Amino acid sequence: METLSTPLPSLPRYSTSLTVNNDHDHPVFLHIKQCTNSSQLGQIHAHMLRTGLFFDPYAASKLFAASALLPFSSLDYARKVFDQIPKPNLHSWNTLIRVCASSSEPLQGILIFLRMVHESPYYPNKFTFPFVIKAAAEIFSLCVGQALHGLAIKASLGADVFISNSLIHLYLSCGDLDSAYRVFTMIGEKDVVSWNSMITGLAQRGCAEKAFQLFQEMEEEGVKPNDVTMVGVLSACAKKLDLELGRWVCSYIERKGIRVDLTLSNAMLDMYTKCGSLEDAKRLFDMMEEKDIVTWTTMLDGYAKLGEYETAKQVLDTMPRQDIAAWNALISGYEQNGKSKEALSLYHELQQSQIAKPDGITLVSALSACAQLGAMGIGECIHAYVKEQGIKLNCHLTTSLIDMYSKCGDIKKALDVFYSVDRRDVFVWSAMIAGLAMHGQGRDAIDLFSRMQETMIKPNSVTFTNVLCACSHAGLVKEGKTFFNQMEPVYGIRPGIQHYSCMVDILGRAGLLEEAVEFIEKMPILPSDSVWGALLGACQIHGNVELAELACRHLLELDPENNGAYVLLSNVYAKTGKWDGVSRLRKHMRVTGLKKEQGCSRIEVNGVIHEFLAGDNCHPLSKEIYSKLDEIVVRLKSAGYVPNKSHLLQLIEEDEMQEHALNLHSEKLAIAFGLQYVEVSQPIRIIKNLRVCGDCHSVAKLVSRLYNREIILRDRYRFHHFSGGNCSCKDYW
């Protein structure tokens, strides 16, 4: 107990009578009200024990209420006081449930409630239920909440507006919108809290239209909205991305004279940034007399999401106080917009500055950036940081680690993470299935899917996308058809466009092109560009010109700017020797200004990401790299290598120029760099933004044998593992 800094005046001798009816009977109650610290309260507690006053239920309840509710109160001390009361009254039980429900351990509030029901002569009243229902909401326990709802009805308290408001909050917290709305409609006289809870709950869960409809009904029923109401309505506008409606709400607030506090100002700011109006947001930001960390972070996040990164960084640098939420907003903004190198650079800056400590959100964004870049070294450092700091792996972090290791080419480490955790939700299972799929381990992916169902985890739409991809990469046509046909009747998941695309890919890769076309024609939804793209890719594999032209035509109708369609069709023409078709496409692309997406390969060495473009000579070690590439070409030719020139988009007549163009592919430059600067004991890991062509696939396979190196090459679609001249993936060229 803390040292008494302001002692109470001498306590007079109070009557030891054990019958106290109200606060005026004993002056000690005045002293309780005047307490300013726990030491003073302890003095009164000791005095009441000595005089016997503590054993009066009313007097004890007054002391206990002070120990539980005053600003300096301690829950541990309040529990001790409560446990000393011989026969706590109902008010004391309610008070203890209330403070536990608002503490860091709300479950204790439910346990105290159960003690009261079983050990005391009291039955819960209209004050008990809101407190214990709040505790259930805090732990997101729908079943406990439903049981409490039943008890309230049994006690004839189901119509009480305060209990009903608590139940609305509970059901919304647990994601049961239907039950929340059912309780809401059954309230006879709804107060502003009833309306606010329902409007906010609907807005936060994506039901923006319904939230705004309720706001209109609220006005029609004559209930005056307040600042909390408007925060919910603005949230609905932000979810709808409806700037004009949001502006109308802001003008409504002004017209109605609704008090605008910092929370409401921040809600307006959030609406403007999410609706893409940085001009409105900046005007409001400059007008705000009071700003907190939420204000600054909202502004920063708005700039980052619209790609104005320099301005976002300036906001971060000028913030009076930088907390981790602000750093997270910018790091995730970079990562989600494909600027992974910048995201990792900012992550390193955060660690070096020690201004704020990375949290789970930071680490998830950084790991995602590592996955995009194939930066396993940096990813491993982040994983080591998690272990060093004793950070518990939640499902978000587990999923990110599995995704990072899988996309960086180390499926074993991804599996190690998967098996190291006790709790796995559908996203953890789905990530591991995806990892096995992209590494060509289709059978293992399907086995894992079966084990997932044995643990009673229900698959979702993403799970099935990953399972179908596994079937595609492993050539499991029969299994793919079975899973697709089971989606809706067995699992209640209606196939989406991504699932149809996967099925076309499964059929197409297996050479069942006519069946793939028939499948597309029978689709109940309009085929998207991804569906026709899957068919076109399959036509490239099998050299079917007629269907390739059909797929390309449909693809370009949906996406006229799709340069990849021209490239794929050109590859089909080249593969079948139709060079006039290649020339015609090349000319069309030149006339229309379409350019082939430039190949880019990345390799990480000692935590540094090195990028190579096709024909790149900008790298500071270009001289050494091209010298090594010349050496590789000589060794390849001596081993019988013949360049596969069918993968050139441009029509180059001279054989020597064709060969030179092939040698300039970005992955070959990355391989040459890796042979020089990656330790012999380590695999050469390369990430390419486009599909690896057949010639580069053959070169990587032969280089791995000639130089006795393991090469792991990830392209846009899959992994290619080369070791000792063997490849774990099928050759589709």
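Reckoned from all heavy atoms, side chains included, excluding hydrogens, waters and symmetry mates. This structure is a prediction, so every number in the text was calculated from the model and none was measured.
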Given M432 and V428, is the side-chain contact (heavy atoms from CB on, under 4.5 Å) satisfied, shown in steps? CA-CA 6 Å; M432 195 65 252; V428 173; 5.9 Å; no
Carefully, step by step, assess R553 and L550 under the rule side-chain contact (heavy atoms from CB on, under 4.5 Å). CA-CA 5 Å; R553 187 166 61 251; L550 171 72; 3.3 Å; yes
Determine the interplanar angle of the H588 and Y566 rings, folded into 0 to 90°, and report it as parallel if under 30°, tilted if 30 to 60°, perpendicular if over 60°. tilted
[X], [atom1] atom: more than 12 neighbouring heavy atoms under 6.0 Å:
| X | atom1 | result |
| --- | --- | --- |
| F427 | CZ | no |
| E679 | CD | no |
| R635 | CZ | yes |
| K688 | NZ | yes |
| E209 | CD | no |
| D416 | CG | yes |

To the nearest 0.5 angstrom, please state how far the [atom1] atom of [X] sits from the [atom2] atom of [Y].
| X | Y | atom1 | atom2 | value |
| --- | --- | --- | --- | --- |
| T592 | E561 | OG1 | CD | 8.0 Å |
| H396 | D425 | NE2 | CG | 7.5 Å |
| S173 | Q204 | OG | CD | 9.0 Å |
| I632 | L675 | CD1 | CG | 5.0 Å |
| L436 | C469 | CG | SG | 13.0 Å |
| R584 | K578 | CZ | NZ | 9.5 Å |

For a quick test of reading the model, state the closest non-hydrogen atom pair linking [X] to [Y] and the distance between them.
| X | Y | answer |
| --- | --- | --- |
| K668 | C696 | CE-SG, 3.5 Å |
| G201 | L172 | CA-CD1, 3.6 Å |
| H542 | A510 | NE2-C, 4.2 Å |
| E515 | L507 | OE2-CD2, 3.7 Å |
| L476 | I506 | O-CG2, 4.4 Å |
| L558 | S528 | CD1-C, 3.5 Å |

Pair Y500, F519 - check ring-ring contact (aromatic ring centres under 6.0 Å, His included), show working. CA-CA 9 Å; Y500 285 100; F519 178 85; 5.8 Å; yes
Within the side chain of [X], is there an N or O that forms a donor-acceptor pair under 3.5 Å with the backbone of [Y]?
| X | Y | value |
| --- | --- | --- |
| E611 | C600 | no |
| R718 | G440 | no |
| S501 | I497 | yes |
| R602 | I609 | no |
| T576 | V572 | yes |
| N485 | K481 | yes |
| H554 | A551 | no |
| N337 | K339 | no |
| K274 | K239 | no |
| R424 | F418 | yes |

State whether a side-chain donor-acceptor pair under 3.5 Å links [X] with [Y].
| X | Y | result |
| --- | --- | --- |
| S698 | D695 | no |
| S365 | S332 | no |
| H610 | Y677 | no |
| Q598 | S666 | no |
| S723 | S704 | no |

Student check: side-chain heavy atoms of [X] and [Y] closer than 4.5 Å:
| X | Y | answer |
| --- | --- | --- |
| V504 | W532 | no |
| L547 | E514 | yes |
| R709 | F722 | no |
| Q441 | H473 | no |
| I411 | S406 | yes |
| I457 | T463 | no |
| V678 | F673 | no |
| T398 | V417 | yes |

Using 4.0 Å as the upper bound for N to carboxylate O, is an ion pair formed by R443 and D447? no
Less than 4.0 angstrom from a charged side-chain N to a carboxylate O is my criterion; do E604 and R685 meet it? no
Evaluate the side-chain contact (heavy atoms from CB on, under 4.5 Å) criterion for residues H499 and T465: first the C-alpha distance (whole Å), next the side-chain angles of each, then the deciding distance (0.1 Å), finally the verdict. CA-CA 6 Å; H499 304 110; T465 300; 3.2 Å; yes
The criterion is side-chain contact (heavy atoms from CB on, under 4.5 Å); which residues satisfy it with N328, sequence neighbours excluded? I324, D359, I361, T362
Check the pair Y491 / Q453 against side-chain contact (heavy atoms from CB on, under 4.5 Å), numbers first and verdict last. CA-CA 11 Å; Y491 299 96; Q453 293 172 89; 2.4 Å; yes
